[in-house]
Amino acid sequence: MTVESTAARKPRRSAGTRKSPSTKPELVQLLTPEGKRVKNAEYDKYVADITPEELRGLYRDMVLTRRFDAEATSLQRQGELGLWASLLGQEAAQIGSGRALRDDDYVFPTYREHGVAWCRGVDPTNLLGMFRGVNNGGWDPNGNNFHLYTIVIGSQTLHATGYAMGVAKDGADSAVIAYFGDGASSQGDVAESFTFSAVYNAPVVFFCQNNQWAISEPTERQTRVPLYQRAQGFGFPGVRVDGNDVLASLAVTKWALERARSGEGPTLVEAYTYRMGAHTTSDDPSKYRADEEREAWEAKDPILRLRRYLEASNHADEGFFAELETESEALGRRVREAVRAMPDPDRFAIFEHAYADGHALVDEERAEFAAYQASFTDGEGA
(Lines give C-alpha, C1' and ligand atoms only; values in the text may rest on other atoms or scores of the structure.)
Protein backbone atom coordinates (compact mmCIF):
# COMPACT_ATOMS: atom_id res chain seq x y z
CA MET A 1 0.00 0.00 0.00
CA THR A 2 1.42 3.38 -0.93
CA VAL A 3 1.41 6.25 1.50
CA GLU A 4 -0.75 9.11 0.35
CA SER A 5 1.34 12.18 -0.36
CA THR A 6 0.87 15.44 1.48
CA ALA A 7 -0.15 17.16 -1.72
CA ALA A 8 -2.84 14.58 -2.32
CA ARG A 9 -4.24 15.16 1.13
CA LYS A 10 -4.71 18.88 0.63
CA PRO A 11 -8.40 19.79 0.37
CA ARG A 12 -9.51 20.80 -3.07
CA ARG A 13 -11.46 23.97 -3.64
CA SER A 14 -14.69 23.45 -5.52
CA ALA A 15 -15.49 25.70 -8.44
CA GLY A 16 -18.26 27.41 -6.50
CA THR A 17 -16.21 28.19 -3.41
CA ARG A 18 -15.10 31.78 -2.94
CA LYS A 19 -12.17 32.87 -0.86
CA SER A 20 -12.67 35.21 2.06
CA PRO A 21 -11.59 38.81 1.47
CA SER A 22 -7.81 39.16 1.33
CA THR A 23 -7.74 42.07 3.78
CA LYS A 24 -6.26 40.83 7.02
CA PRO A 25 -8.68 41.43 9.90
CA GLU A 26 -7.58 43.20 13.04
CA LEU A 27 -6.32 40.81 15.72
CA VAL A 28 -5.90 41.67 19.39
CA GLN A 29 -2.54 40.33 20.53
CA LEU A 30 -0.56 41.00 23.71
CA LEU A 31 2.01 38.19 23.43
CA THR A 32 3.70 37.34 20.15
CA PRO A 33 4.45 33.70 19.24
CA GLU A 34 8.03 34.43 20.33
CA GLY A 35 6.79 35.38 23.79
CA LYS A 36 7.33 39.11 23.49
CA ARG A 37 4.91 41.51 25.17
CA VAL A 38 3.26 44.01 22.84
CA LYS A 39 1.25 47.03 23.89
CA ASN A 40 -2.42 47.60 23.17
CA ALA A 41 -3.95 50.89 24.22
CA GLU A 42 -7.47 49.48 24.52
CA TYR A 43 -6.88 46.18 26.30
CA ASP A 44 -3.65 46.58 28.30
CA LYS A 45 -5.57 47.92 31.29
CA TYR A 46 -7.38 44.61 31.72
CA VAL A 47 -4.12 42.79 32.49
CA ALA A 48 -2.08 45.71 33.83
CA ASP A 49 -2.20 44.46 37.41
CA ILE A 50 -1.48 40.80 36.67
CA THR A 51 1.24 39.42 38.95
CA PRO A 52 4.05 36.94 38.20
CA GLU A 53 2.23 34.45 40.40
CA GLU A 54 -0.93 34.82 38.32
CA LEU A 55 1.07 34.41 35.12
CA ARG A 56 2.53 31.19 36.48
CA GLY A 57 -1.00 30.17 37.37
CA LEU A 58 -2.16 30.65 33.78
CA TYR A 59 0.77 28.57 32.58
CA ARG A 60 0.00 25.86 35.12
CA ASP A 61 -3.65 25.82 34.02
CA MET A 62 -2.70 25.29 30.39
CA VAL A 63 -0.10 22.61 31.09
CA LEU A 64 -2.38 20.58 33.35
CA THR A 65 -5.32 20.94 30.99
CA ARG A 66 -3.19 19.66 28.11
CA ARG A 67 -1.96 16.75 30.23
CA PHE A 68 -5.51 15.79 31.15
CA ASP A 69 -6.57 16.06 27.52
CA ALA A 70 -3.70 13.85 26.37
CA GLU A 71 -4.56 11.23 28.99
CA ALA A 72 -8.19 11.22 27.90
CA THR A 73 -7.15 10.71 24.28
CA SER A 74 -4.95 7.77 25.30
CA LEU A 75 -7.77 6.27 27.35
CA GLN A 76 -10.10 6.40 24.37
CA ARG A 77 -7.52 4.77 22.13
CA GLN A 78 -7.27 1.95 24.66
CA GLY A 79 -11.02 1.39 24.72
CA GLU A 80 -11.70 3.05 28.08
CA LEU A 81 -13.80 5.88 26.58
CA GLY A 82 -16.28 5.77 23.74
CA LEU A 83 -15.16 9.08 22.23
CA TRP A 84 -13.09 12.14 23.10
CA ALA A 85 -13.02 15.68 21.72
CA SER A 86 -9.53 17.09 22.23
CA LEU A 87 -8.77 20.74 22.94
CA LEU A 88 -5.12 20.47 21.86
CA GLY A 89 -3.98 23.90 20.69
CA GLN A 90 -6.92 25.78 22.19
CA GLU A 91 -5.68 25.99 25.78
CA ALA A 92 -4.99 29.74 25.77
CA ALA A 93 -8.45 30.68 24.52
CA GLN A 94 -10.12 28.52 27.15
CA ILE A 95 -7.90 29.32 30.13
CA GLY A 96 -7.74 33.03 29.33
CA SER A 97 -11.50 33.38 29.00
CA GLY A 98 -12.17 31.01 31.90
CA ARG A 99 -10.00 33.00 34.31
CA ALA A 100 -11.77 36.21 33.28
CA LEU A 101 -15.03 34.95 34.79
CA ARG A 102 -16.39 35.75 38.23
CA ASP A 103 -17.82 33.03 40.44
CA ASP A 104 -21.37 34.31 39.87
CA ASP A 105 -21.08 34.28 36.08
CA TYR A 106 -22.66 31.33 34.30
CA VAL A 107 -21.04 29.21 31.59
CA PHE A 108 -22.72 27.28 28.78
CA PRO A 109 -20.11 25.04 27.10
CA THR A 110 -20.12 22.70 24.13
CA TYR A 111 -18.25 19.41 24.60
CA ARG A 112 -14.66 20.63 24.21
CA GLU A 113 -14.34 23.21 26.99
CA HIS A 114 -12.18 21.09 29.28
CA GLY A 115 -9.99 24.09 30.10
CA VAL A 116 -12.96 26.24 31.09
CA ALA A 117 -14.27 23.37 33.21
CA TRP A 118 -10.88 23.29 34.94
CA CYS A 119 -11.14 27.01 35.68
CA ARG A 120 -14.63 26.52 37.13
CA GLY A 121 -13.41 23.84 39.53
CA VAL A 122 -15.07 20.86 37.85
CA ASP A 123 -13.10 17.70 38.66
CA PRO A 124 -11.53 16.47 35.39
CA THR A 125 -12.63 12.93 36.09
CA ASN A 126 -16.25 14.07 36.08
CA LEU A 127 -15.88 15.13 32.45
CA LEU A 128 -15.00 11.58 31.48
CA GLY A 129 -18.04 9.81 32.89
CA MET A 130 -20.23 10.87 29.98
CA PHE A 131 -17.62 9.81 27.42
CA ARG A 132 -17.32 6.46 29.19
CA GLY A 133 -21.09 6.06 29.20
CA VAL A 134 -21.56 5.77 32.96
CA ASN A 135 -23.49 9.01 33.59
CA ASN A 136 -25.27 11.86 31.85
CA GLY A 137 -22.81 14.57 32.78
CA GLY A 138 -21.25 13.95 36.14
CA TRP A 139 -21.58 17.26 37.95
CA ASP A 140 -24.16 19.67 39.32
CA PRO A 141 -24.28 22.64 36.92
CA ASN A 142 -25.29 25.02 39.68
CA GLY A 143 -22.46 23.90 41.91
CA ASN A 144 -19.88 25.59 39.68
CA ASN A 145 -22.12 27.74 37.46
CA PHE A 146 -20.93 25.52 34.62
CA HIS A 147 -23.64 23.84 32.59
CA LEU A 148 -23.40 20.24 31.44
CA TYR A 149 -21.69 19.59 28.12
CA THR A 150 -23.94 20.12 25.09
CA ILE A 151 -23.52 17.76 22.15
CA VAL A 152 -26.16 19.33 19.88
CA ILE A 153 -24.21 21.86 17.85
CA GLY A 154 -25.02 25.47 18.73
CA SER A 155 -28.09 24.87 20.89
CA GLN A 156 -26.34 26.05 24.07
CA THR A 157 -26.21 29.60 22.70
CA LEU A 158 -30.01 29.75 22.95
CA HIS A 159 -29.87 28.37 26.49
CA ALA A 160 -27.29 31.00 27.39
CA THR A 161 -29.35 33.79 25.86
CA GLY A 162 -32.47 32.78 27.75
CA TYR A 163 -30.54 32.49 30.99
CA ALA A 164 -28.97 35.91 30.40
CA MET A 165 -32.39 37.44 29.79
CA GLY A 166 -33.46 36.00 33.14
CA VAL A 167 -30.37 37.43 34.83
CA ALA A 168 -31.28 40.86 33.48
CA LYS A 169 -34.88 40.59 34.68
CA ASP A 170 -33.64 39.60 38.13
CA GLY A 171 -31.52 42.73 38.26
CA ALA A 172 -28.29 40.83 38.88
CA ASP A 173 -24.97 42.22 37.68
CA SER A 174 -23.52 38.85 36.69
CA ALA A 175 -22.84 37.81 33.10
CA VAL A 176 -23.29 34.71 30.96
CA ILE A 177 -20.84 33.25 28.46
CA ALA A 178 -21.61 30.77 25.69
CA TYR A 179 -18.87 28.79 23.98
CA PHE A 180 -19.12 27.42 20.47
CA GLY A 181 -16.92 26.73 17.46
CA ASP A 182 -16.63 28.10 13.97
CA GLY A 183 -18.73 25.21 12.64
CA ALA A 184 -21.56 26.04 15.03
CA SER A 185 -21.56 29.64 13.79
CA SER A 186 -23.47 28.40 10.74
CA GLN A 187 -26.28 26.92 12.82
CA GLY A 188 -29.66 28.61 12.95
CA ASP A 189 -29.71 28.44 16.75
CA VAL A 190 -26.69 30.73 16.88
CA ALA A 191 -28.32 33.27 14.58
CA GLU A 192 -31.48 33.22 16.71
CA SER A 193 -29.37 33.71 19.81
CA PHE A 194 -27.73 36.76 18.28
CA THR A 195 -31.14 38.20 17.40
CA PHE A 196 -32.74 37.68 20.81
CA SER A 197 -29.69 38.79 22.79
CA ALA A 198 -29.44 42.00 20.77
CA VAL A 199 -33.13 42.85 20.95
CA TYR A 200 -33.30 42.19 24.70
CA ASN A 201 -29.83 43.58 25.43
CA ALA A 202 -28.97 40.36 27.23
CA PRO A 203 -25.76 40.25 29.32
CA VAL A 204 -24.15 37.45 27.34
CA VAL A 205 -20.75 36.96 25.75
CA PHE A 206 -20.62 34.70 22.71
CA PHE A 207 -17.15 33.14 22.70
CA CYS A 208 -16.39 31.49 19.38
CA GLN A 209 -13.26 29.37 19.26
CA ASN A 210 -12.44 29.53 15.58
CA ASN A 211 -10.07 26.58 15.23
CA GLN A 212 -10.51 26.89 11.45
CA TRP A 213 -11.92 23.42 10.84
CA ALA A 214 -15.51 22.29 11.36
CA ILE A 215 -14.57 18.62 11.21
CA SER A 216 -13.37 18.57 7.57
CA GLU A 217 -14.72 21.91 6.36
CA PRO A 218 -12.45 24.99 6.52
CA THR A 219 -13.92 28.24 7.79
CA GLU A 220 -13.65 29.87 4.37
CA ARG A 221 -16.40 27.52 3.15
CA GLN A 222 -18.78 28.83 5.77
CA THR A 223 -18.29 32.58 5.67
CA ARG A 224 -17.06 35.30 3.32
CA VAL A 225 -16.11 37.64 6.16
CA PRO A 226 -14.26 37.06 9.45
CA LEU A 227 -16.67 35.58 11.97
CA TYR A 228 -16.45 38.44 14.46
CA GLN A 229 -17.84 40.83 11.82
CA ARG A 230 -21.15 38.96 11.82
CA ALA A 231 -22.05 40.71 15.07
CA GLN A 232 -22.39 44.01 13.21
CA GLY A 233 -25.44 42.77 11.37
CA PHE A 234 -27.17 42.04 14.68
CA GLY A 235 -26.30 45.35 16.28
CA PHE A 236 -23.61 44.50 18.81
CA PRO A 237 -19.80 44.56 18.74
CA GLY A 238 -17.49 41.78 17.71
CA VAL A 239 -13.75 41.45 18.22
CA ARG A 240 -11.14 38.98 17.01
CA VAL A 241 -8.48 37.97 19.51
CA ASP A 242 -5.36 35.85 19.10
CA GLY A 243 -6.71 32.63 20.60
CA ASN A 244 -3.19 31.29 21.16
CA ASP A 245 -2.40 34.29 23.38
CA VAL A 246 -3.66 33.65 26.91
CA LEU A 247 -3.12 37.28 28.00
CA ALA A 248 -5.09 38.69 25.08
CA SER A 249 -7.87 36.12 25.60
CA LEU A 250 -8.03 37.10 29.26
CA ALA A 251 -8.11 40.83 28.54
CA VAL A 252 -10.69 40.74 25.75
CA THR A 253 -13.02 38.46 27.72
CA LYS A 254 -12.78 40.72 30.77
CA TRP A 255 -13.75 43.66 28.57
CA ALA A 256 -16.71 41.81 27.06
CA LEU A 257 -17.92 40.63 30.48
CA GLU A 258 -17.73 44.16 31.86
CA ARG A 259 -19.90 45.37 28.98
CA ALA A 260 -22.45 42.68 29.77
CA ARG A 261 -22.53 43.42 33.50
CA SER A 262 -22.90 47.17 32.95
CA GLY A 263 -25.98 46.74 30.78
CA GLU A 264 -24.34 47.26 27.39
CA GLY A 265 -25.57 43.95 26.01
CA PRO A 266 -23.95 41.09 24.10
CA THR A 267 -20.52 40.80 22.51
CA LEU A 268 -19.10 38.31 20.04
CA VAL A 269 -15.51 37.28 20.72
CA GLU A 270 -13.81 35.31 17.98
CA ALA A 271 -10.75 33.55 19.39
CA TYR A 272 -8.66 32.81 16.32
CA THR A 273 -6.83 29.59 17.13
CA TYR A 274 -6.13 26.18 15.65
CA ARG A 275 -7.19 22.62 16.30
CA MET A 276 -3.84 20.83 16.35
CA GLY A 277 -5.41 17.40 16.68
CA ALA A 278 -8.44 15.61 15.34
CA HIS A 279 -11.99 16.91 15.68
CA THR A 280 -12.68 13.87 17.84
CA THR A 281 -10.95 10.53 18.21
CA SER A 282 -13.18 9.17 15.42
CA ASP A 283 -11.66 11.63 12.94
CA ASP A 284 -8.50 11.50 10.81
CA PRO A 285 -7.45 15.09 9.97
CA SER A 286 -4.68 13.90 7.64
CA LYS A 287 -7.44 13.14 5.10
CA TYR A 288 -8.33 16.80 4.64
CA ARG A 289 -5.58 18.94 6.17
CA ALA A 290 -2.01 19.54 5.02
CA ASP A 291 0.86 18.75 7.39
CA GLU A 292 2.52 22.09 6.61
CA GLU A 293 -0.50 23.93 7.98
CA ARG A 294 -0.40 22.08 11.28
CA GLU A 295 3.36 22.55 11.59
CA ALA A 296 3.01 26.29 11.05
CA TRP A 297 0.52 26.51 13.90
CA GLU A 298 2.59 24.32 16.18
CA ALA A 299 5.16 27.11 16.06
CA LYS A 300 2.48 29.35 17.62
CA ASP A 301 1.85 26.93 20.49
CA PRO A 302 0.08 28.83 23.30
CA ILE A 303 1.96 27.07 26.10
CA LEU A 304 5.40 27.58 24.58
CA ARG A 305 4.52 31.23 23.97
CA LEU A 306 3.83 31.94 27.64
CA ARG A 307 6.82 29.90 28.79
CA ARG A 308 9.10 32.06 26.65
CA TYR A 309 7.63 35.17 28.22
CA LEU A 310 7.98 33.80 31.75
CA GLU A 311 11.60 32.88 31.16
CA ALA A 312 12.50 36.17 29.47
CA SER A 313 10.86 38.13 32.30
CA ASN A 314 12.47 35.99 35.03
CA HIS A 315 9.00 35.16 36.35
CA ALA A 316 9.66 31.39 36.50
CA ASP A 317 12.73 29.23 36.98
CA GLU A 318 13.58 25.62 36.19
CA GLY A 319 12.40 24.55 39.62
CA PHE A 320 8.89 25.76 38.80
CA PHE A 321 8.78 23.91 35.48
CA ALA A 322 10.17 20.71 37.03
CA GLU A 323 7.63 20.81 39.84
CA LEU A 324 4.83 21.36 37.37
CA GLU A 325 5.99 18.38 35.31
CA THR A 326 5.74 16.21 38.41
CA GLU A 327 2.26 17.54 39.14
CA SER A 328 1.27 16.92 35.52
CA GLU A 329 2.29 13.27 35.66
CA ALA A 330 0.42 12.82 38.94
CA LEU A 331 -2.72 14.25 37.35
CA GLY A 332 -2.42 11.82 34.46
CA ARG A 333 -2.16 8.85 36.82
CA ARG A 334 -5.10 10.06 38.90
CA VAL A 335 -7.31 10.44 35.85
CA ARG A 336 -6.40 7.00 34.51
CA GLU A 337 -7.02 5.28 37.83
CA ALA A 338 -10.31 7.13 38.37
CA VAL A 339 -11.67 6.22 34.94
CA ARG A 340 -10.86 2.55 35.31
CA ALA A 341 -12.47 2.49 38.75
CA MET A 342 -15.77 3.99 37.56
CA PRO A 343 -18.63 1.61 38.32
CA ASP A 344 -20.91 0.41 35.57
CA PRO A 345 -24.22 2.26 35.41
CA ASP A 346 -27.50 0.75 36.46
CA ARG A 347 -28.70 -0.89 33.25
CA PHE A 348 -32.34 -0.24 34.08
CA ALA A 349 -31.92 3.46 34.91
CA ILE A 350 -32.87 4.38 31.35
CA PHE A 351 -36.45 3.42 32.11
CA GLU A 352 -36.73 5.71 35.12
CA HIS A 353 -38.31 9.16 34.83
CA ALA A 354 -39.43 8.61 31.23
CA TYR A 355 -42.93 9.45 32.47
CA ALA A 356 -43.90 11.04 35.77
CA ASP A 357 -46.47 8.36 36.65
CA GLY A 358 -45.24 5.35 34.72
CA HIS A 359 -46.38 4.02 31.38
CA ALA A 360 -47.51 0.61 30.15
CA LEU A 361 -45.22 0.69 27.11
CA VAL A 362 -42.18 1.55 29.25
CA ASP A 363 -43.08 -1.30 31.61
CA GLU A 364 -43.25 -3.66 28.63
CA GLU A 365 -39.88 -2.45 27.32
CA ARG A 366 -38.31 -2.85 30.76
CA ALA A 367 -39.54 -6.44 30.97
CA GLU A 368 -38.21 -7.25 27.52
CA PHE A 369 -34.85 -5.74 28.37
CA ALA A 370 -34.73 -7.70 31.64
CA ALA A 371 -35.36 -10.92 29.73
CA TYR A 372 -32.63 -10.02 27.26
CA GLN A 373 -30.13 -9.38 30.06
CA ALA A 374 -31.09 -12.61 31.77
CA SER A 375 -30.32 -14.55 28.58
CA PHE A 376 -26.61 -13.87 29.11
CA THR A 377 -26.61 -15.57 32.53
CA ASP A 378 -29.06 -18.43 31.93
CA GLY A 379 -27.36 -21.74 32.30
CA GLU A 380 -24.35 -20.42 34.23
CA GLY A 381 -23.15 -22.85 36.83
CA ALA A 382 -25.08 -25.75 35.27
Side-chain angles (χ1 to χ4, degrees), residues 25-28 40-47 93-94 96-110 113 116 119-120 141 145-147 150 153-182 184-210 223 225-243 248-272:
E26 183 180 356
L27 184 77
V28 178
N40 185 292
E42 186 172 0
Y43 294 102
D44 271 345
K45 62 182 178 180
Y46 293 98
V47 293
Q94 293 195 17
S97 61
R99 289 303 181 195
L101 295 161
R102 290 190 333 205
D103 289 344
D104 59 338
D105 295 330
Y106 209 101
V107 180
F108 287 84
T110 61
E113 276 66 58
V116 185
C119 292
R120 299 305 278 177
N145 278 12
F146 185 81
H147 199 270
T150 303
I153 305 300
S155 65
Q156 73 280 358
T157 59
L158 280 174
H159 306 157
T161 299
Y163 192 95
M165 290 166 61
V167 166
K169 288 182 180 296
D170 289 343
D173 70 341
S174 57
V176 178
I177 187 167
Y179 289 88
F180 59 100
D182 49 295
S185 69
S186 296
Q187 295 292 322
D189 284 357
V190 175
E192 291 179 20
S193 302
F194 288 178
T195 297
F196 272 86
S197 64
V199 171
Y200 289 93
N201 208 44
V204 58
V205 175
F206 296 106
F207 195 92
C208 175
Q209 293 173 83
N210 179 4
T223 179
V225 299
L227 293 177
Y228 77 95
Q229 292 183 5
R230 288 185 174 182
Q232 298 175 9
F234 293 88
F236 56 87
V239 60
R240 173 180 273 194
V241 62
D242 185 340
S249 297
L250 175 66
V252 168
T253 308
K254 280 187 174 182
W255 164 78
L257 290 168
E258 282 190 10
R259 287 192 73 258
R261 296 189 192 105
S262 61
E264 296 182 57
T267 305
L268 171 60
V269 176
E270 178 193 356
Y272 192 69

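Positions are given from 1 along the sequence.
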Can you name the residues that form a ring pair (Phe, Tyr, Trp, His ring centres under 6.0 Å) with [X], not counting sequence neighbours?
X      : value
Phe180 : none
Tyr43  : Trp255
Tyr200 : none
Phe146 : Trp139

Using every non-hydrogen atom in the two residues, find where [X] and [Y] come nearest and quote the distance to one decimal.
X      : Y      : value
Thr267 : Arg259 : OG1-NH1, 2.7 Å
Ala160 : Val204 : CB-CG2, 4.3 Å
Val190 : Ala184 : CG2-O, 3.1 Å
Ala100 : Lys254 : CB-CG, 3.7 Å
Ser174 : Pro203 : O-CB, 4.1 Å
Ser97  : Tyr179 : OG-OH, 2.7 Å

Holding to side-chain contact (heavy atoms from CB on, under 4.5 Å), I want the full list of residues that pass it with [X], two or more places apart in sequence or in another chain.
X      : answer
Ala271 : Ala93, Phe207, Val241
Asp173 : Arg102, Asp104
Ala231 : Phe236, Leu268
Ala175 : Asp105, Leu257, Ala260, Arg261

Would you say the side chain of [Y] lies within less than 4.5 Å of the side chain of [X], judging by non-hydrogen atoms?
X      : Y      : answer
Tyr228 : Val269 : no
Leu27  : Tyr272 : yes
Gln156 : His147 : no
Asn40  : Val28  : yes
Gln94  : Gln209 : yes
Val116 : Val107 : yes
Ile177 : Leu101 : yes

First locate atom CG of Asn145, then atom CG of Asp103, and finally report the distance between them rounded to the nearest 0.5 Å. 8.0 Å
Distance col, row Cys208:SG vs Arg230:CZ, nearest 0.5 angstrom, shows 8.5 Å
For [X], side chain to side chain donor-acceptor pair (under 3.5 Å) partners two or more places apart:
X      : value
Arg120 : none
Thr253 : none
Glu264 : Ser262

Ignoring hydrogens and angles, write down the donor-acceptor pairs under 3.5 Å from the side chains of residues 191-198, residues two or more places apart or on other chains.
from: Ser193; atom 1: OG; to: Thr157; atom 2: O; distance (Å): 3.3
from: Ser193; atom 1: OG; to: Thr157; atom 2: OG1; distance (Å): 2.8
from: Ser193; atom 1: OG; to: Leu158; atom 2: N; distance (Å): 3.1
from: Ser193; atom 1: OG; to: Asp189; atom 2: O; distance (Å): 2.7
from: Thr195; atom 1: OG1; to: Ala191; atom 2: O; distance (Å): 3.2
from: Ser197; atom 1: OG; to: Ser193; atom 2: O; distance (Å): 2.9
from: Ser197; atom 1: OG; to: Phe194; atom 2: O; distance (Å): 3.1

Is a side-chain N or O of [X] found less than 3.5 angstrom from the main chain of [Y], in a donor-acceptor match?
X      : Y      : value
Glu113 : Thr110 : yes
Asp170 : Ala172 : no
Asn210 : Gly181 : no

What verdict does the side-chain contact (heavy atoms from CB on, under 4.5 Å) test give for Thr161 and Phe206, after you've listed the backbone C-alpha separation in whole Å, the side-chain angles of each residue and the deciding distance to 0.1 Å? CA-CA 9 Å; Thr161 299; Phe206 296 106; 3.6 Å; yes
